[in-house]
Amino acid sequence: MGRSAVFLDRDGVLNAAVVVGGLPHPPRTANDVVAMPDARDACRSLRLAGFMLVVVTNQPDLARGTATAVDVEAINRSVRKMVTVDDLRMCPHDDVDDCHCRKPRPGLLFDAAAEHGIDLSHSWMIGDRWRDVDAGRAAGCRTIFIDRGYAEPPPATPTRVARSLADAACFIIAQRLKEAS
């Protein structure tokens, strides 16, 4: 059996999404990044419980030409300064690119699992959108949907719905302890 991991979406999970018209968007620059208040402690708790942490994020604004690679990389660095994670994987494509890595496809999770020896069946995906939950489920992970109240349909079948990253982390750790006993 490989390592257990928690895959985390970036915008809306680790840092605040910019909500416009009820829909979430990434911050434009690193100066616009606002940490979710529970991100640091929740990630620390998950790491102490033995989970590897991997950020998996769609950044289609790169393909759309509305964000630069320099700005997106600066945002990623800012997020990595806020929380300690083992890896950060990013899809720079849009839906029309039909790539394997854009969530809801599980390519980012599969690639990280292959590189780091992650057992996906003992891992979790935490996200704030249906794409995150669907990607986690397609990869064979259990999933947690953090409901931020966006003006879009929620995912159909997450393992759990949480109020926050802290709530999700507590549930995952409790599940691990229950399974170990």
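All of these numbers come straight from a predicted model, not from anything done at the bench.
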Between [atom1] of [X] and [atom2] of [Y], what distance do you get to the nearest 0.5 Å?
| X | Y | atom1 | atom2 | answer |
| --- | --- | --- | --- | --- |
| L14 | M36 | CG | CE | 9.0 Å |
| C101 | D111 | SG | CG | 7.5 Å |
| T84 | L46 | OG1 | CG | 12.0 Å |
| T159 | Q175 | OG1 | CD | 9.0 Å |
| K103 | F7 | NZ | CZ | 11.0 Å |
| T143 | M125 | OG1 | CE | 9.0 Å |

I'd like to know if the side chain of [X] reaches the main chain of [Y], judged simply by a donor and an acceptor atom lying under 3.5 Å from each other, with no hydrogens or angles considered.
| X | Y | value |
| --- | --- | --- |
| D32 | T29 | yes |
| S78 | A74 | no |
| S123 | C141 | no |
| N15 | V33 | no |

State, without any angle test, whether [X] and [Y] hold a side-chain donor-acceptor pair at a distance under 3.5 Å.
| X | Y | result |
| --- | --- | --- |
| R137 | T157 | yes |
| D87 | H116 | yes |
| D61 | H25 | no |
| R10 | Q59 | yes |

### Task
Report yes or no: is the cationic atom of R176 (NZ for Lys, CZ for Arg) closer than 6.0 Å to the six-membered ring centre of F51, at no more than 45° off its axis?
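That pair qualifies as a cation-pi contact.
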For residues [X] and [Y], determine if any side-chain heavy atom of one lies less than 4.5 Å from a side-chain heavy atom of the other.
| X | Y | result |
| --- | --- | --- |
| I126 | I172 | yes |
| I118 | V54 | yes |
| D9 | R131 | no |
| C43 | L8 | yes |
| D71 | R28 | no |
| R47 | R44 | no |

Which heavy-atom pair separates [X] from [Y] by the least distance, and what is that distance?
| X | Y | answer |
| --- | --- | --- |
| A63 | D97 | CB-OD2, 3.8 Å |
| V72 | A67 | CG2-CB, 4.0 Å |
| D38 | A166 | OD2-N, 2.8 Å |
| T57 | D11 | OG1-OD2, 4.3 Å |
| A138 | F110 | O-CZ, 3.9 Å |
| W130 | P154 | CB-C, 4.4 Å |

### Task
Identify whether the distance between the nearest side-chain nitrogen and carboxylate oxygen of D95 and R105 falls below 4.0 Å.
no
### Query
Salt bridge between R129 and D132, side-chain N to carboxylate O under 4.0 Å?
no
### Message
Looking at R163, I want to see if its CZ is surrounded by more than 12 non-hydrogen atoms of other residues, nucleotides or ligands under 6.0 Å.
### Response
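No, the 6.0 Å shell around CZ holds no more than 12 heavy atoms from other groups.
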For residues [X] and [Y]: do they belong to one hydrophobic cluster (side chain heavy atoms under 4.5 Å, members Ile, Leu, Val, Met, Phe, Trp, Tyr)?
| X | Y | answer |
| --- | --- | --- |
| Y150 | V161 | no |
| I146 | V18 | no |
| L120 | M52 | yes |

